[in-house]
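Working notes, beginning with the structure itself.
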Amino acid sequence: MATSMVCLAVLCLMSPLLLAGAVLGNPGYGGLFPHFYDHSCPKAKEIVHSIVAQAVARETRMAASLVRLHFHDCFVKGCDASVLLDNSTNIVSEKGSNPNKNSIRGFEVVDEIKVALETACPGTVSCADILALAARDSTILVGGPYWEVPLGRRDSLGASIQGSNNDIPAPNNTLPTIITKFKRLGLNIVDVVALSGGHTIGLSRCTSFRQRLYNQSGNGMADNTLDVSYAAQLRQGCPRSGGDDNLFPLDVVTSTKFDNFYFKNILAGRGLLSSDEVLLTKSAETAALVKAYANDVHLFFQHFAQSMVNMGNISPLTGSQGEIRKNCRRLNNFQ
């Protein structure tokens, strides 16, 4: 009975798109649809998958990096590949923002994909769609769910370092702030918790969680929601000062496998970031989802897939908007 009540609560929170019976990848996602390149570049998906698979085989961490790249793109000006632009005369790159500096990665893999696609189908496949496909393929390659990726995005003609600094959820944001950042983009509570589950893979820097170890509330004390033995383990590699870039797995149990241990870890006080822990301790709604996903990996996979589609549909440029960049790092009229 308790399980059914949790599931009922979860269903009540689910995206209206799913409740309405929308099929993953159903046409109508802002003019995007999965078969967009079937005639103009029939091997596009195959090319992306092949290069992503090679990259993840070389370095498993790259899967998490490519998922994060798509996330950091979509949360700033929509899913338009603005995050890929380098500094130029008229562009201040988002790569230099606080969430991205010395942190965001995977650009060389995107470059490699773009070169291959330009060879096969010049001026056809956008960098924004490369990011969406690479995120999906990365998820699958480390054991996560499959979803149809709606396609047809075009690439931005600018970037927003201000948006990157302000709009991307941060590890030390309060839960209300995180929820607000999602809701402003049309995403809901389910999307918040499901997409946070992307932390089942990848690594985080010491600087992103140090305050939990030494001074969580400004009183010189560790975060009391953090498991004591786990905190002691983290302190060995994350000192009070120095070691900012030392890396730690976001999922301490299975850091290279896409599964639901991220949520099980949170329940055990072993979520790495403050933004992970608050999902359990600061809201009954988000806590119910954490518990549901910890109990049912299939439910988590279903919601994560749908939430990735929802996120991928944030303010896409379509039709004649923007351009199809020939090089993802610069505009076609590069100066």
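Quick note: residue numbers are just sequence positions, from 1. What you see is a predicted model; the values in this text were computed from it and never measured.
The shortest side-chain heavy-atom distance between Pro150 and Asn313 does not fall under the 4.5 Å cut-off. Side-chain contact between Ile140 and Arg136 is present, with at least one heavy-atom pair separated by less than 4.5 Å. Proximity of Met311 to Met308: side-chain heavy atoms (C-beta onward) are separated by under 4.5 Å at one or more points. Within the 4.5 Å cutoff, the side chain of Arg235 has no heavy atoms near those of the Arg240 side chain. Side-chain contact check for Thr124 versus Ile324: every heavy-atom pair is 4.5 Å or farther apart. Contact of the Ile314 side chain with the Lys77 side chain is not registered, since no non-hydrogen atoms from C-beta on lie closer than 4.5 Å. Looking at heavy atoms from C-beta onward, Tyr262 lies in side-chain contact with Leu279 at the 4.5 angstrom threshold. Annotation: side chain of Cys238 is not in contact with side chain of Arg212 (no heavy-atom distance under 4.5 Å).
Defined by atom type and a distance below 3.5 Å, a donor-acceptor pair is missing between the side-chain atoms of Ser274 and Gln211. Remark: the Ser50 side chain and the Gln54 side chain contain an N/O donor-acceptor pair separated by less than 3.5 Å. Side chains of Asn100 and Ser97: a donor-acceptor N/O pair is present below 3.5 angstrom, by distance only. Side chains of Thr177 and Thr180: a donor-acceptor N/O pair is absent below 3.5 angstrom, by distance only. Side-chain contact annotation: Thr254 with Asp259, donor-acceptor N/O pair under 3.5 Å present.
Chaining together hydrophobic side chains whose heavy atoms lie under 4.5 Å apart places Leu226 alongside Phe209, Leu213, Tyr214, Tyr230, Leu234, Phe248, Leu250, Val252, Val253, Phe261, Leu272, Leu273.
Side-chain heavy atoms closer than 4.5 Å link hydrophobic residues (I, L, V, M, F, W, Y) into clusters, and following such links, even through other members, never connects Leu69 to Leu317.
Salt bridge status for Lys95 with Asp86: present, with a side-chain N to carboxylate O gap under 4.0 Å. Between Lys114 and Asp111 there is no salt bridge, since no side-chain nitrogen of the basic residue lies less than 4.0 Å from a carboxylate oxygen of the acidic one. A salt bridge is absent between Asp251 and Lys257: the closest approach of a Lys/Arg side-chain nitrogen to an acidic carboxylate oxygen does not fall below 4.0 angstrom.
Qualifying side chain to side chain contact (heavy atoms under 4.5 Å, CB included) partners for Leu203, counting only residues two or more places apart in sequence or in other chains: Arg61, Leu247, Pro249.
Rounding to the nearest 0.5 Å gives a distance of 13.5 Å between CZ of Phe304 and CG of Leu299.
Although no hydrogens or angles enter the test, the distance criterion places no donor-acceptor pair under 3.5 Å between the side chain of Asp129 and the main chain of Val125.
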Salt bridge (charged side-chain N to carboxylate O under 4.0 Å, His left out) assessment of Arg325 paired with Glu118: CA-CA 10 Å; Arg325 287 185 217 140; Glu118 285 298 307; over 6 Å; no
